[in-house]
Structures are given as structure tokens and as C-alpha cells.
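Notes follow the structure.
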Amino acid sequence: MKPDFPFQKVPRDFFLFTYFGIIIVMKKEAIEFKILKKSSETKARTAVMTTPHGDVKTPMFMPVGTLATVKFVSPEELYDIGSQFILSNTYHCWLRPGEKIIEAAGGLHKFMNYDGPILTDSGGFQVFSLAQMRNIKEEGVYFKNHLSGDKLFLSPEKAIEIQNSLGADIIMSFDECPPFPATYEYMKDSVDRTLRWAIRGKEAHKRADQALFGIVQGGEFEDLREYSAKELVKIGFPGYAIGGTSVGEDKPTMYKMIDYGIKYLPEDKPRYLMGVGTVDAIFAGVERGIDMFDCVLPTRIARHGTAMTTLGNLNIRNKKFEEDFSTLDENCDCYTCKNYTKAYLRHLIKANEGLGMRLLSIHNLRFLLKLMEEIRESINNDSFLELKEHYYKIYDIKE
RNA sequence: GCGAUUAUGGUGAAGUGGUUAACACGGUAGAUUGUGGUUCUAUUAUGCGUGGGUUCGAUCCCCACUAGUCGCC
């Protein structure tokens, strides 16, 4: 049973609820993280994360639902394919419909009729990825609305305030996601600023039923990643993300970015690798002790006709599937694979039909979620490396 | 039957007496990482209705034929 929160302002790190009319105050985090098994082969681990909207198993993959929806996929379908967590976005929900509308609806969960745990990204990445004009200052970021061109301002406090209104289970610090490559001098300033923003965000955070995560930055610079991680830990968060990856760097560089920071993060807190969702990077991340992933890739490439399968990626648009009436992936148990043929999916995607995008989105998400199930099982069975080797072979991935 | 007019790839079409025939759609293939349902990249006519002629050289100029469109009887 989810407790109600009678007061807006609750001292952070304290948990308030009423019990037979008496207000009980408890020191408690919004989430708890309990490690179940540590891999004997690697730094991988399995755990259970308790959230206000239920328990989830890690390592996990979180489908992305930027605009309070995983594009084309309903909440019921998300439950069906084994999705545990979804990611939504501060910046996008702020612009439309507006966080106050969502708050008035009873928060994101009620608004979108999704009862599982939700994480909201802070908007820091959108400043990097969407804004043509951005002016990064100590107080925050001035930039243009990518829809209308209006001038906007987002600060650490504002990002937290919006996220408090949205009401996700996990919310993120407002960070700067610097471009790759960036100079050492730029990165040093950026990391420092992001750390100051993390402190300000933590001060501004008002809801004890939401866990605020910090974000490690520092680009590909070892000492900056170390510094960023250590300073964040001093500030203290219930979970830590690794940001600034998948911004154009190559895989070995990405893995270094993880390695440089993760060793300074506490073992007993969840680690979240932001924006990563290729098969190889998921294995590489899990191997290094990552617990959470999110990525737009499976749903985006689905809309453009690429299916992720147990036999590798497959472009359903290809002519060779014109008369192929077999199932997409015979090792998959999803709705799409149980009911539709490649030829039909090809037709739908080529005709730009929404159903095609929907069916491939469901499939790709199921593929990744099932992959995560297999990964958790392999960690528990101490056969993680064997599983990794299996998939690296299929996907023709070199270390 | 007579006159006018047009003929360029799968489609709609630009274009010029002189190396590789514009562009768009479509086709084929690839990309996509804290969302681009509308994106990006590459590739796609050894040939300009058919046959002659003029010319150093013709898809372009000339003639005939064929086919379409419009008009007249």
C-alpha cells in the first residue's frame, strides 16, 4: 500500500505517512537496493530494487517513454513483455503538456495509466541534443524551445521542481552532457559546474518518495571521472548514473568512461548507465557492475524497420523478406512473433503504417527485456561470460 | 481524313549542338544510443519514341514513320 504524503515540504531523507491518524516520521530512502548475487567471474551483480511502485530486478533495461508514453506501446503491453521500469523526460513533459497538468492529473503514473516505477531524466541531455542555441551559465542553461523557438531557462532547482511535480520514483540531477570530444579544460569546468548543480538539486529536492540520483561526468578523462564520482559520493545519493556516454565516442572509449568512474561508486547503491542499449554495450556494462540501462534505440530502430533478434539485427524492409511468411524470431515469445509474418511486417513498415512500428517496438523491447532476464539468470548461475560470448558471436561483436 | 502539339528512367518531370542527363517521388541498401512516427547517408537512365539525314560531334537541328493529346470536317 502506497502511503499518502500530507505535506509538500518534507525534510529530505525522512519518510512521512499517517497511521491511524498519527503522523509517523521515518528515515528512509524512496528506493532500497539489495544485492542478491555477485558474479564470481566479473563485477556483475543481480539485485532487487524496491520502489514506491514495486520491486524490480536488476540488471534491467528501461524502455524510454519521453513524452509520457513509450511510443506505440501501451502500459498493458509493457507489463506483458516484462518491462519493469520506464523512463520519461523532464524537458519534454515540461514543454507539453506541462508538468502542472501532469501534477493535476495525479502525477505521471496516473496521467499515463502506468503503475510501475518510472524514472525521469532531468533535461540535461536535451540541452545537449536538441537546443540549437544554448548558453550554459553558473545559474543554469538558457536555450531555445526546439518546438517554438521561445527562450527557455532550466536550472538545477527548476529541473528538480518539475520532476517533483511529475512524481517519478527516480529523478535525475540536472547535469551538463558535454560534447565528445571536449578539451580537458572545458571538461574540468563542466564537471565542477555539474557537481555544484548536483548539490543545488539535492537541496531543492522536496519529495522523500522520490530518489534523486547523481550523474558522473568527466568525458574520457580518467582523473575527472574519478573526481566526479568521488565528489558525488561525498554529496551522497541513493543511486549514481554514468553520463556523457553514447555521444559519438567509440566503444573502447565508452568502456573506459565506465571503468574510470564506477570503481569509486558504493557497491550497495544502484549504478545506471545512461542512454546505452546496444547488445554489446549492455554486456560490457553489466560486466563492469552496471545495474540499469535505458535507450531509445530499440524503439527508434523499430519505427525505421530494424528488428533485434536472437540471430542478430535484421532490416525488415529488405527485399528478401517480401515473400517470407515465417515468424520474425522463432526464439521470441512476444505478441508480434506469435502472430505475424516477416512479409506482413515488411509491408506495414514500407507502407509507413503505425501497426508495423508498434509490432516491431513490442518485439524489440521484448528482445532486450528477455536478454536482461537471461543476463540476470546467467549471473545467478555464474555463466555470464558464456552468455556474453554467445551473443557476441551472433552479433559479430569484437571485444 | 486534315491541322496543331508532344514523345527523356518505375513515376512526375528539368535540360543542353561537345567530358559523368538536374531535381523530386518510388526502388535498393545502410545508419540511428539520457527519442527524429515527419530523420540522415549511399545507390538507382552506357541513355532521351523508331528509322534516316545534317555535323568533327545530335537527346537537342532537319525529314519520315509510330504513338498520345487537342481542334476541324
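Any value given below was found using the heavy atoms of this structure, including those in side chains, with hydrogens, waters and symmetry copies removed. Lettering of chains follows the sequences in order, A, B, ..., and the numbering in each one begins at 1.
Looking at heavy-atom distances under 4.0 Å, A:T245 makes no contact with the nucleic acid at all. Nucleic acid contact for A:L130: sugar-phosphate only, since backbone atoms but no base atoms lie under 4.0 Å from a heavy atom of the residue. As judged by a 4.0 angstrom heavy-atom cut-off over every strand, A:N318 is placed among residues touching the sugar-phosphate backbone only.
When the C1' atom is used for both B:G27 and B:A45, the distance is 14 Å, rounded to whole Å. To the nearest whole angstrom, the two C1' atoms, one in B:G1 and one in B:U46, are 43 Å apart. For B:G36 and B:U19, the C1' atoms lie 41 Å apart once the distance is rounded to whole Å. Distance check on atom P: B:C48 versus B:A4 gives 27 Å, rounded to whole Å. B:U20 and B:A31 have their P atoms separated by 33 Å, with the value rounded to a whole Å.
Map A:V276 and A:K350 each onto its nearest nucleotide of RNA chain B; the residue landing nearer the 5' end is A:K350. Two residues, A:F72 and A:G124, neighbour RNA chain B, and the one matched to the more 5' nucleotide by heavy-atom proximity is A:G124.
Shown here, B:A67 forms a base pair with B:U6; the pair counts as Watson-Crick or G-U wobble because both key distances fall under 3.5 Å. Pairing for B:A24 is with B:U11, a Watson-Crick or G-U wobble pair whose two hydrogen-bonding atom distances lie under 3.5 Å. Here B:C61 sits opposite B:G53 as a Watson-Crick or G-U wobble pair (both hydrogen-bonding atom distances under 3.5 Å). The partner of B:U32 cannot be assigned: no Watson-Crick or G-U wobble pair with both contacts below 3.5 Å exists in any strand.
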